[in-house]
Amino acid sequence: MSEPSIFTRILDGDIPSEIIAETENVFAIRDIAPQAPVHLLVIPKSADYRNVVELAAGDPALLAEMVGLANTLAAEHTDGDFRLIFNTGPNAGQTVFHVHAHVLGGGLEEHTL
Ligand code: AMP
């Protein structure tokens, strides 16, 4: 068995972090190192999928549940507009291999991809 991911440890209460929202299968926290005025992470409770490609192939409904929670949070925490980022692979900046979406909002108008 591999070690539980940092997100599983947060969900289990082993690492302190406020769970700001949850649905049946998904939860959300604030990113500890925010890259935008609003920077949240939306995470499946299950660590079964390492990245969004595996998730889309294995459980598209769970991916849709993540997008829905991201949309709800963007409406609550900013003006409703948001950027949704799934870093996929270490060369793209992925550091935690428990799939998660970065929800970025606020003051993004001048950013380029
Ligand atoms: P990624 O680099 O796409 O795998 O994203 C992992 C994210 O998790 C990074 O943006 C980190 O800042 C964030 N992170 C790591 N540890 C914690 C933590 N304890 N609480 C909240 N966010 C965290």
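Start at 1 and go down the list; that is how both ligands and their atoms are numbered.
For Ile29, every heavy-atom contact with ligand 1 shorter than 4.0 Å involves the side chain, none the backbone. Contacts between Asn87 and ligand 1 below 4.0 angstrom, taking non-hydrogen atoms only, involve the side chain exclusively. Under 4.0 Å from ligand 1, the heavy atoms of Phe7 that appear belong solely to its side chain. Only the side chain of His100 comes within 4.0 Å of ligand 1, judged by heavy-atom distances.
Pairing each heavy atom of Ser5 with each of His98, the nearest pair is OG-ND1, 2.6 Å.
Of the candidates Leu69, Leu84, Val99, Val42 forms a side-chain contact (heavy atoms from CB on, under 4.5 Å) with just one, namely Leu69. No option in Leu62, Val67, Leu63 other than Leu62 meets the side-chain contact (heavy atoms from CB on, under 4.5 Å) test with Val26.
Inclusion of Ile32 in the set of residues having an N or O under 3.5 Å from an N or O of ligand 1 is warranted. Residue His39 places no N or O, backbone or side chain, under 3.5 Å from any N or O of ligand 1. At least one N or O atom of Val96 sits closer than 3.5 Å to an N or O atom of ligand 1.
Of all protein heavy atoms, the one lying nearest to atom 16 (N) of ligand 1 is Ile6 CD1, 3.5 Å. Counting protein heavy atoms only, atom 10 (O) of ligand 1 is closest to Asp31 OD2, 2.5 Å. Protein heavy atom nearest atom 4 (O) of ligand 1, with residue, atom name and distance: Thr95 N, 2.7 Å.
The shortest heavy-atom distance from Arg30 to ligand 1 is under 4.0 Å. Contact annotation: Ile85 has no heavy atom less than 4.0 Å from any atom of ligand 1.
For the pair Glu54 and Phe97, the minimum side-chain heavy-atom distance is 4.5 Å or more. Taking 4.5 Å as the limit, every side-chain heavy atom of Asp81 sits out of range of all side-chain heavy atoms of Arg83.
Using a 4.0 Å cut-off between a side-chain N of Lys or Arg and a carboxylate O of Asp or Glu, Glu22 and Lys45 qualify as a salt bridge.
In this structure, Thr78 contributes its side chain and Gly80 its backbone to no donor-acceptor pair below 3.5 Å. Checking side-chain atoms of His39 against main-chain N and O of Pro37 turns up no donor-acceptor pair under 3.5 Å.
Of all the atoms in ligand 1, the ones that sit under 4.0 Å from a non-hydrogen atom of Ile10 are 18 (C), 19 (N), 20 (N). Within ligand 1, counting atoms from 1 as listed, the ones closer than 4.0 Å to a heavy atom of Ala33 are 12 (O).
Taking the centre of each ring, His100 and His102 come in below the 6.0 Å mark.
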